[in-house]
Trainee: 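Below you'll find the structure I mean.
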2 protein chains.
Amino acid sequence: MAAGAAQARSGSRSRIQTENRALITQAALDVFSTDGYRGATVDRIAERAGMSKTNLLYYYPSKEDIYRTVIEQTVEDWLRPFAQIDPDGEPIEELRRYITVKLKMSETSPEASRLFANEIQRGAPLVMEFLTTRLKALVDEKAAVIGTWIDQGRLAPVDPYHLIFAIWATTQHYADFEAQIGALLGSQAKGPGFSEQASHAVLSILLNGIRPR
Amino acid sequence: MAAGAAQARSGSRSRIQTENRALITQAALDVFSTDGYRGATVDRIAERAGMSKTNLLYYYPSKEDIYRTVIEQTVEDWLRPFAQIDPDGEPIEELRRYITVKLKMSETSPEASRLFANEIQRGAPLVMEFLTTRLKALVDEKAAVIGTWIDQGRLAPVDPYHLIFAIWATTQHYADFEAQIGALLGSQAKGPGFSEQASHAVLSILLNGIRPR
DNA sequence: TCCAATTTTGACCAGTTAGTCAAGAAATTT
DNA sequence: AAATTTCTTGACTAACTGGTCAAAATTGGA
């Protein structure tokens, strides 16, 4: 019996399947994140994955299919630390931890951040449903948590939604605008202590603000 | 005498020239900002500008030429308010004004913001030189100003460069991630009071932080 | 009005791209 | 080792893309 194209939906994955799918998604992440969906070419992804385009299309039947896979993976990774914000934790400590994790993610996988940013900038054609359902539910939930913290006087009174946006914005900026930051800071941005420096500054600004105390 | 293609570099511009060039750059801004450089097609830009592709290419001889024009214009607009930060002004007031202007820009021309973001995310192939020369000089200058303010105790002690990044990140987020914000806030994000609400929240977070006082 | 310059267009071309197909190579099972 | 399944590839196609060209339509000044 001829197995469906690369065991499409079946759970069983051979060693080769697993390896090649990983190679492809990694390559796709690189290419999509710099060239965008339309700008990326299947040929280029295949080349970077070290195989022929035909072979790549054996594993993922279409360009959109690869993109979908990669972006879904990205979204999952992106969501996890946000979901872990603990309503029973110390507010400042919880947010400090979340900000730190997000900054770390921007440092270790800027491509994923850029891929997501790109998708949103295009009007989120693929993840719009995710945004309005799962993400919205989660954001509403966490915004309520932040609201409670504010009511308890454990956090300054700011709109919880905009606070979430501010955290996302500042942390992802280091991935999405990496080229600009590198150009403006020169060698400093590549040095070893940079991420600690950035982390310290971002935390200081978001937690304490810039008004002198 | 046959005039060079659409008076290429000559200063003289007929009424038709002026009108059509404006139509083209506006259309190009829309298309480039959503589809990216490679994803955008000359045909699509022409269609949106309401003319044939051939005619568009009469005014701008190549796709790259249009892109260059649009992005240079964008960069100029983007730089102006930053350059206006006054070393002799009241620090908090100066930064408040700058943040407010940038938020307004995100609201009135989100396409320009997305176009620039897109260019940077691609590794800034076209504006890299601008970043490392003119922009770097200006940022160094303003960072020094902020440093002085901090030394005078008129601003909390934060790294000036990262402060600038934080301001850029938070303000542009409202343009670049418009789709996400709309999806998460629903009707609220389209309402009339929204930009004031966003502005208030961003200013509150950046100026005062989220730690309760 | 008449004429030259400007503006606009359809037909066309060469290069690129996503995806197909049939056949060969490699791995796995029997 | 033979048979079968899985994996890989080169050759190909149809659609699309950036750009050219020559000719037609329009504009504006004399």
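Computation of the quantities below employed the complete heavy-atom set of this structure, encompassing side-chain atoms and omitting hydrogens, waters and symmetry-equivalent molecules. Every chain is numbered from 1, with letters handed out A, B, ... down the list of sequences.
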Trainee: Any chance the rings of A:F82 and A:W168 have centres within less than 6.0 Å?
Mentor: yes
Trainee: Closest approach to the side chain of B:Y58, judged atom by atom: which nucleotide of D:dG18, C:dT17, C:dT8 is it?
Mentor: C:dT8
Trainee: A:A40 or B:N20: which one's nearest nucleotide on DNA chain C is closer to the 5' end?
Mentor: B:N20
Trainee: Check the pair A:R15, A:E19 against salt bridge (charged side-chain N to carboxylate O under 4.0 Å, His left out), reporting the backbone distance first and the verdict last.
Mentor: CA-CA 6 Å; A:R15 179 184 52 83; A:E19 281 175 14; 3.4 Å; yes
Trainee: Between C:dA27 atom P and A:N55 atom CG, what is the distance in whole Å?
Mentor: 13 Å
Trainee: Both B:S62 and A:S52 contact DNA chain D. Which one's nearest nucleotide lies toward the 5' end?
Mentor: A:S52
Trainee: A:M51 CE to D:dT9 P: how many Å, rounded?
Mentor: 8 Å
Trainee: Over how many whole Å does the gap from B:K63 atom NZ to D:dC16 atom P extend?
Mentor: 16 Å
Trainee: Roughly how many Å is it from CD in A:E19 to C1' in C:dA27, rounded to a whole number?
Mentor: 13 Å
Trainee: Once you round it to whole Å, what is the distance between C1' of C:dT16 and CD of A:E47?
Mentor: 15 Å
Trainee: Considering only side-chain heavy atoms of B:Q17, which listed nucleotide, D:dC7, C:dT7, C:dT20, is closest?
Mentor: C:dT7
Trainee: What's the closest nucleotide to the B:Y59 side chain, out of D:dT8, C:dT17, C:dT8?
Mentor: C:dT8
Trainee: What distance do B:I120 atom CD1 and A:E178 atom CD have between them, rounded to the nearest 0.5 Å?
Mentor: 11.5 Å
Trainee: For the side chain of A:T41, counting heavy atoms from C-beta on, which of D:dT8, C:dT17, D:dG19 is nearest?
Mentor: C:dT17
Trainee: Quick check: any donor-acceptor pair below 3.5 Å linking the side-chain of B:T54 to the base of C:dG10?
Mentor: yes
Trainee: Please confirm whether the shortest side-chain N or O distance from A:R38 to OP1 or OP2 of C:dT16 is below 4.0 Å.
Mentor: no
Trainee: In terms of the angle between their ring planes, are A:H173 and B:F165 parallel, tilted or perpendicular, with boundaries placed at 30° and 60°?
Mentor: tilted
Trainee: Using atom OH of A:Y60 as one end and atom P of C:dT20 as the other, report the distance to the nearest whole Å.
Mentor: 17 Å
Trainee: Rounded off to whole Å, could you give me the CG-to-C1' distance for the B:D43 and D:dA15 pair?
Mentor: 13 Å
Trainee: Nearest whole Å is fine: how far is C:dT8 C1' from B:I24 CD1?
Mentor: 12 Å
Trainee: If you only use heavy atoms from C-beta on, which nucleotide in C:dA27, D:dT27, C:dT9 is closest to the side chain of A:I16?
Mentor: C:dA27
Trainee: How would you label the contact of B:R15 with the nucleic acid (heavy atoms, under 4.0 Å): base, sugar-phosphate, or nothing?
Mentor: sugar-phosphate
Trainee: Answer yes or no: side-chain N or O of B:K53 and base N or O of D:dG19 forming a donor-acceptor pair under 3.5 Å.
Mentor: yes
Trainee: Between B:L79 and B:F130, is there a side-chain heavy-atom distance shorter than 4.5 Å?
Mentor: yes
